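Report on one structure; see the data block that follows.
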Amino acid sequence: MAKKMRRVPKDKKTGVPKKYLSGSKNKSAKAAEIKRTAEAYRKGEYIDIKAISKSRTKQDGTKKKTKKVKKGGKK
């Protein structure tokens with residue numbers, strides 16, 4: 001007998017799992033993009049992964065740390 005999977009908590013407004021939307025600036029836009037991509041995948045249409053990755057990174061609410069390079073020569 002197959003093991004049952006636990007139900008995932010979903011966003012009430014969009015129906016997308018909450019984990020996918022956590023930390024985003026605009027939850028409804030991110031949910032719409034996820035649904036669009038899922039539908040295209042089901043239909044077997046072309047999915048531009050680079051563009052999707054870029055849009056999801058842009059949606060991300062967290063700030064990325066950049067490495068600071070010390071400038072200066074040897075003494």
Side-chain angles (χ1 to χ4, degrees):
M1 192 154 100
K3 201 172 189 181
K4 278 194 173 182
M5 300 292 279
R6 177 184 267 173
R7 290 192 68 185
V8 177
K10 296 192 173 148
D11 186 47
K12 286 185 174 134
K13 190 176 178 185
T14 59
V16 175
K18 285 182 180 179
K19 184 113 181 178
Y20 296 168
L21 304 176
S22 66
S24 67
K25 292 176 188 172
N26 188 349
K27 289 184 183 355
S28 59
K30 191 163 188 176
E33 188 271 318
I34 289 169
K35 285 182 174 183
R36 242 191 336 269
T37 306
E39 187 64 31
Y41 179 80
R42 266 188 242 113
K43 288 181 180 176
E45 295 172 356
Y46 173 74
I47 297 169
D48 188 7
I49 296 170
K50 200 171 185 180
I52 289 169
S53 179
K54 192 175 179 182
S55 77
R56 289 185 186 183
T57 306
K58 194 176 178 184
Q59 285 271 337
D60 192 13
T62 59
K63 293 198 176 203
K64 306 289 184 252
K65 286 187 179 180
T66 56
K67 273 190 175 180
K68 290 186 179 180
V69 179
K70 287 185 180 180
K71 291 187 178 180
K74 291 183 181 178
K75 292 181 182 178

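Basis for what follows: all heavy atoms, side chains included, without hydrogens, waters or symmetry-related copies. For the single chain, residues carry numbers from 1 onward in sequence order. None of the values given here were measured: they were computed from a predicted structure.
The two residues Lys58 and Lys25 come nearest to each other via the heavy atoms O-NZ, 3.8 Å. Minimum interatomic distance between Lys10 and Gly15 (heavy atoms only, all atoms of both residues): CD-O, 3.3 Å. The shortest heavy-atom contact between Pro17 and Val8 is CB-CG1, 3.9 Å.
Remark: Asn26 pairs with Ser28 by the side-chain hydrogen bond (donor to acceptor under 3.5 Å, both in side chains) rule, at least two apart or across chains.
Atoms OG and NZ, from Ser22 and Lys27 in turn, are 7.0 Å apart once rounded to the nearest 0.5 Å.
Side chain of Ser53 to backbone of Lys50: no donor-acceptor contact under 3.5 angstrom is found.
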Return a table of donor-acceptor pairs under 3.5 angstrom between the side chains of residues 34-45 and protein atoms on other chains or two or more places apart.
unit_1, atom_1, unit_2, atom_2, d
Lys35, NZ, Thr14, O, 2.5
Thr37, OG1, Glu33, O, 2.8
Thr37, OG1, Glu33, OE2, 3.0
Glu39, OE1, Arg42, NH1, 2.8

